[in-house]
Amino acid sequence: MTGLGDRILGLGLLVLAVAYGWVAQQWPEPFGGAEAVGPETFPTILSVVLVVGSLYLMVKPDPDAQWPVGKSALELVVSLVVLVAYAMLLEPLGFVIATTMAVGTLSWRMGANPKPAFITGLLSAIVVFVLFNYGLSLSLPAGLLEVQ
């Protein structure tokens, strides 16, 4: 029964990926016809990546998988809390602020010095915000930085 936990996780993630991809395809077609890149593009890409990852877990599980204990388990809980907070704060704070906080905190918890971690988070958030809003015309929430 080696790797059973990975296979169960892979199956759960596969179900989640299929559901997420299906919901992404339910966006109504915009007035004036469909576009090559629309609001469903990014969630669809994420669901495809999740499908590939979950299939890999099911086909090639880790034979020596151990549940994390102690500090490792605490770090995973902190990461989960940061990601949930990110999802909840994305709309009110805006993409740039929420992403800076999330990427900076996660990078710091993975061992980076706090100042470079948050600078990396800020630069990443700005690049992605500009790319999505102006390059792909997919608006991300501006939140507190929105110009009235």
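Quick caveat: nothing in here was measured; it's all calculated off a predicted structure.
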Should [X] and [Y] count as side-chain neighbours, where that means a heavy-atom distance under 4.5 Å?
| X | Y | answer |
| --- | --- | --- |
| Val82 | Arg109 | no |
| Phe118 | Thr105 | yes |
| Tyr20 | Leu50 | no |
| Leu14 | Leu57 | no |

Roughly how far, to the nearest 0.5 Å, is the [atom2] atom of [Y] from the [atom1] atom of [X]?
| X | Y | atom1 | atom2 | value |
| --- | --- | --- | --- | --- |
| Asp62 | Leu9 | CG | CG | 12.0 Å |
| Thr99 | Leu123 | OG1 | CG | 12.5 Å |
| Leu106 | Leu83 | CG | CG | 5.5 Å |
| Leu11 | Leu16 | CG | CG | 11.5 Å |
| Leu13 | Ile8 | CG | CD1 | 12.0 Å |
| Leu93 | Tyr86 | CG | OH | 10.5 Å |

Donor-acceptor contact below 3.5 Å, side chain Ser47 vs main chain Thr44: yes
Indicate if [X] and [Y] have the same hydrophobic cluster label, given that clusters are the connected sets of ILVMFWY residues with side-chain heavy-atom separations under 4.5 angstrom.
| X | Y | value |
| --- | --- | --- |
| Tyr56 | Val48 | no |
| Ile97 | Leu90 | yes |
| Val51 | Met58 | yes |

How are the rings of Tyr134 and Phe129 set to each other: parallel, tilted or perpendicular (split at 30° and 60°)? perpendicular
Identified side chain to side chain contact (heavy atoms under 4.5 Å, CB included) counterpart of Val96 within the set Val130, Leu122, Val128: Leu122
Minimum-distance pair of heavy atoms, taken over all atoms of Gly121 and Val103: CA-CG1, 3.6 Å
Looking only at non-hydrogen atoms, find the nearest pair between Val59 and Arg7 and report the distance. O-NH2, 4.4 Å
Check whether more than 12 heavy atoms from other residues, nucleotides or ligands sit under 6.0 Å from atom CD of Glu91, and answer yes or no. no
